[in-house]
Amino acid sequence: MESKKQINRLYTPGPTPIPQQVIDKMSEPIIYHRSQEFRDIFARVNKNLQYVFQTKQSVLTLTCSGTGGMEAIIVNLFSAGDTVLSVNSGKFGERWGIIAKTYGLNVVEIKIDWGKAVTVGQIIEELHKHQNIKGVLLTHCETSTATTTDVKNISKVIKQNSDALIIVDGISAIGALEFYFDEWGIDACVTASQKGLMMPPGLAFIALNDRAIKACQLSTLPKYYFDFKKYLSSLLSNDTPWTPTITLIKGLDEVLQMIVDEQMENIWKRHDHLSYTQREGLIKLGLKIFSDKPSHSVTAVYIPKEITWEKLNESLIKKHNITVASGQGEYFGKIFRIAHMGFCHNLDMQLVLDALRRALS
Ligand code: PMP
């Protein structure tokens, strides 16, 4: 009997589409993780993850979604009573502050209007006001507003004005937006598998430099499963402290090979081009872009007065099997978001633009 199952076209900023060869890889029989075969795979994965982050430092693989990785950074690098500066320009920047407060950190927050990005001047001002800041928590792409933070220049001024650790949520940026962990002097960066890395959810990756590893030695917050010291020690023999998600790691091996073949510079250029095509197409449809500093990985657009979010969403799903993302928080019903992240090409942009044209006409 002919299958009635249609392709679900995902334009959500996580999860993102998974290449078929990666799905095939993950359907292979499971292997034992304390075997040479797994260690060889994991060695390759670890090396290629360093390439993705553009670092010679260690990259840890954790079994959890991105938020788990964010929490792991806080509990490993800080102690209760430490002061951190957190930029809240949307749902995920806000999350940094909430996690830090949960663990008894003193949070100085810069609150930015949704759709705008923090400026270098605002960061300098807070660093001068609060001399005891131990870490600055940034979000490279604020997914809720589809806005990019100028991590490169902000990192420069943090270094010029303090000794604070520079911590980046790169969850919807790594594998899409230009990023140089070593060159930009980032101390810790987290990403997750289900975005630019073209994988199912379930893994978080954390790059740490020597300053961050030193901070781990000083941290007194309780931890066990996510204790970075255990991961760093296992990594020396391409091993994991606990049973890893073997199936996902096999898929990751395949995905990282695709990334190495395409090369990071080309991937960044592709995303740059995709976001430009998307914005240009949306403007031609008479739509208005939400963000002041639009991201290359996801675009947020105002919903026009003539249609509700519910109607627009229903039309895209029912007629075209296209799933885009709603606005979040107070922007639910006001904006929607279209991702162009990971396994995404020019034709995918044309497809969603055409479907939107039909839905709006
Ligand atoms: N930070 C950012 C920038 C994100 O886009 C997301 C996921 N949308 C998260 C954090 C949370 O990640 P997860 O849902 O994988 O826990």
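Order of appearance sets the numbers: ligands from 1, and atoms from 1 within every ligand.
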**Student:** Does the side chain of Y32 pick up a donor-acceptor pair with the side chain of E37 at under 3.5 Å?
**Tutor:**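 On atom types as modelled, these side chains do not qualify, holding no pair under 3.5 Å.
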**Student:** Measure across F343 and I18 and return the closest heavy-atom pair with its distance rounded to 0.1 Å.
**Tutor:**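 So the two residues come closest at CD2-C, 4.4 Å.
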**Student:** Do we see a donor-acceptor contact under 3.5 Å between the side chains of R44 and Q257?
**Tutor:**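 Side-chain D/A pair, R44 to Q257: absent.
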**Student:** Should we count OH of Y276 as having more than 12 external heavy atoms under 6.0 Å?
**Tutor:** no
**Student:** When clusters are formed by joining ILVMFWY residues with side-chain heavy atoms under 4.5 Å apart, either directly or through shared neighbours, do V52 and I249 land in the same one?
**Tutor:** yes
**Student:** Would you mind checking if E94 and K91 are paired as a salt bridge, meaning a charged N to carboxylate O distance below 4.0 Å?
**Tutor:** no
**Student:** Using a 4.0 Å cut-off on heavy atoms, what residues surround ligand 1? Order them by chain and number.
**Tutor:**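 Only S65, G66, T67, M70, F92, R95, T139, C141, T143, D169, I171, S172, Q194, K195 have heavy atoms that fall under 4.0 Å of ligand 1, ordered by chain and number.
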